[in-house]
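Notes for the one structure printed next.
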Number of protein chains: 2
Amino acid sequence: MAASTLTEVARLAGVSPATASRVLNGSARKPGKDIAERVRQAADSLGYIPNAQAQGLAKSSSGLIGLIVHDIADPYFAAIARGVQEAAREQRKMVLLATTGGGPAEEKEAVAAFAARRADSIVIAGSRSCRDEDRDGNTELAAELDRYCRNGGQVAVVGHPVVGATATEGYHVVKVPNQELARQLASGLAEGWDGDFVVVGGPEGLLTSDDRVRGFQEGLERAGRRPAEVLRTGFNRSGGYDAGLQLAARIKAARSGEAPAPRLCIFAVNDVMAIGAAAALRSEGLRIPRDAAIAGFDDIETLRDFRPALSTVRLPLEDIGRIATRSTGPGNHTEEAQGAAADGITGEVTLRRSTEAAA
Amino acid sequence: MAASTLTEVARLAGVSPATASRVLNGSARKPGKDIAERVRQAADSLGYIPNAQAQGLAKSSSGLIGLIVHDIADPYFAAIARGVQEAAREQRKMVLLATTGGGPAEEKEAVAAFAARRADSIVIAGSRSCRDEDRDGNTELAAELDRYCRNGGQVAVVGHPVVGATATEGYHVVKVPNQELARQLASGLAEGWDGDFVVVGGPEGLLTSDDRVRGFQEGLERAGRRPAEVLRTGFNRSGGYDAGLQLAARIKAARSGEAPAPRLCIFAVNDVMAIGAAAALRSEGLRIPRDAAIAGFDDIETLRDFRPALSTVRLPLEDIGRIATRSTGPGNHTEEAQGAAADGITGEVTLRRSTEAAA
DNA sequence: CTACTTCCGGAAAGCGCTTGCCAACTGAAA
DNA sequence: TTTCAGTTGGCAAGCGCTTTCCGGAAGTAG
């Protein structure tokens, strides 16, 4: 990597590196017109590209935003990533990507790596977990984040604060009203459904999943329905599929029984799981919503063309990414910025065909 | 950002920075056991994190891989990104993400930004374009890439070489047999379909799209069918949707005519477009495959649960990302690496229900 | 015990850029 | 003309790390 350097440009233009720096890489002081022109020409003719590492070192700031996701190929994260990317562009920064699979240990490593690169800010998009086996990992992650913040870094977390993090300066949480929205979803569903409800949740301790489960139960209770049974499974399509198989067996069994059991309404705590469950039911010859209703959460864009259209809760994922990123950026003390992050995000219950009562 | 520095660690351990560097950040020379231990302890107690920028400056290499995509929320790119990410992890590097929307001008900027950050390699995943209005952009992009390669950078392009790029050193192309596969798809479809074919393609000049269109026509020709009409539209869902509306109107018109026109088989040059087209047909009350058959390309994972299951061509997107990234990495001169990149990628025609003849 | 090789830490010179400070120069006010 | 403020370019000191080179210590052989 032997690109031309500022010094070379300066020499060619017959000025000092200081002057060249001032004209090329934005400084408060603007050198005289003619000199500036000479420098610019020299830079052009050499194809000069400033060395961002050196700049970063000198200015101690890197123009980098670190983004942590579980899996970039998951459309949920991909959508958030798009928002982050956009906000990064507004701030004229670049996005560093880390995918962790969701473990706090990997997340801690990612944070350390970002810190090493002196990323100006970090956005953490994956769900927090408070499972026992993650406790140590969480502690370490929290410590790493605290240190990062203490050194002046900005952190935004989507959904829940990192368990155990104590930093206040530069630590932002973008709240997502999962519980509230799940409650609304349950109300909405309860209105048009008299059968039983089953929840297909992620592993216990996954905060996002837990919130949604809890909210859903609350909603049912308020509607005067009995609480739903909760199946725990993986927080992804294949988890949904497994649960779906299980439920399919149950539905078939019930069907062959004496009393025609009322239909089941399945709430999978995210869209991808819901699609998995739907696929499983279908593979067992069941039809939606005829034999069972199903609802998800997130309203993933790519899945909107799925048929029967999936009832779900629309979450403005791109906005979430954007808002999280903005909250870490310069000017994050303005009213709007504060407001946007504090008010959190609003979603919208969206009932579609997959939960229609009339089959 | 005032993290502790190597010098501080060295001082605390009572050694010189040189020694500290040697023990902490892998060097050929390994200092004595006891000293190493002292240094490590000092580093630990200070919570030392090496400054990657400084390291990069000194070593002139950054441990960064730049990835250029059109849109990270597009599942096609997201899948490739996952592969890139994995390969990056193998190489213990981080991924810098740039989304460009597909224009060569933005791509050029991204390359420049990566060059400025001294990224060790760059992976370009978006389709190349040879449209007239992109000519200048392409030229500049090519120039930027050439310069980057000349300075020792490694570039991998997925699909097609960048139009006009002349660099040979460090310039890799991961070939994707779009044309060949589209031909096979046409053959496969022609076997079970006697109606007409229509191709829904992206804008003319988009190389990936053009290849697929061309291959498809070849396949039809070899099967003794007359060439398909080609509709040009956007290379995304909404383009597919628009084309779908148009075709729906046509199908309905034909249906009300005297002679019952044979059914149409629609080939959309990528899955997302196919889904869009399918949605449009459906919204017009048409059913697939009863009223029209439809096929896509890519076999996007998230879309596999779509019903009717979409006939398509399976592309190992994750592998593509991985192979592209590996081809730019260290040891890319080994046989396998060379082979993998040179042989390119293989895909597989996958016929599913969306093109079944019996409706 | 001397001569020669090995090994190991440390000093110091960068890597490419920014920026505080200084000196020189400008123009205006006195 | 002198004085003073206001500019403007350049010098040089870093930013935090790597790496070459060097001298001293230790090990081996003669």
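Keep in mind that what you see is a predicted model, and the values were worked out from it rather than measured. So that the names make sense, note that chain A is the first sequence line, chain B the second, and so on, each numbered from 1.
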Notebook entry, point to check: Roughly, in whole Å, what's the span from CZ in A:Arg11 to C1' in C:dG16?
Noted result: 13 Å
Margin query: What residues from residues 40-49 of chain B pass a heavy-atom cutoff of under 4.0 Å to DNA chain C?
Written below: none
Notebook entry, point to check: What bend angle does the helix from C:dC1-D:dG30 to C:dA30-D:dT1 show across its length, from five-pair end axes and to the nearest 10 degrees?
Noted result: 50°
Check: Looking only at side-chain N and O atoms, does A:Ser21 come under 4.0 Å of OP1 or OP2 in C:dT18?
Finding: yes
Check: Any N or O donor-acceptor pair linking the side chain of B:Arg118 to the base of C:dG16 at under 3.5 Å?
Finding: no
Margin query: For B:Asp34 and B:Leu57, find the nucleotide of DNA chain C closest to each by heavy atoms; which residue's nucleotide sits nearer the 5' end?
Written below: B:Asp34
Margin query: Looking at A:Arg89 and A:Glu86, is there a salt bridge between them, counting it only when a charged N and a carboxylate O are closer than 4.0 Å?
Written below: no
Notebook entry, point to check: Does the distance from a Lys or Arg side-chain N to an Asp or Glu carboxylate O, for A:Arg147 and A:Glu144, drop under 4.0 Å?
Noted result: yes
Check: Which nucleotide in the list C:dG16, D:dG16, D:dT19 gets nearest to the side chain of B:Ala58?
Finding: D:dG16
Next item on the list: Check every atom of C:dT18, D:dT18, C:dA11 against the side chain of A:Asn25 and return the nucleotide holding the closest atom.
Entry: C:dT18
Check: Considering only D:dG10, D:dC17, C:dT18, which nucleotide approaches the side chain of A:Ala18 most closely?
Finding: D:dG10
Check: If you measure from the Lys or Arg side-chain nitrogens to the Asp or Glu carboxylate oxygens, is any gap between B:Arg322 and B:Glu90 under 4.0 Å?
Finding: no
Notebook entry, point to check: Counting side-chain heavy atoms from C-beta on, which of D:dT20, D:dG10, D:dG16 comes nearest to B:Thr5?
Noted result: D:dG16
Checklist line | Residue among A:Thr328, A:Asp146, A:Val162 satisfying side-chain contact (heavy atoms from CB on, under 4.5 Å) with A:Tyr171 | finding: A:Val162
Notebook entry, point to check: Just by modelled atom types, is the A:Ala119 backbone N or O under 3.5 Å from a matching donor or acceptor in the A:Tyr148 side chain?
Noted result: yes
Next item on the list: With DNA chain C as reference, determine whether B:Thr19 or B:Lys59 sits nearer its 5' end, using the nearest nucleotide of each.
Entry: B:Thr19
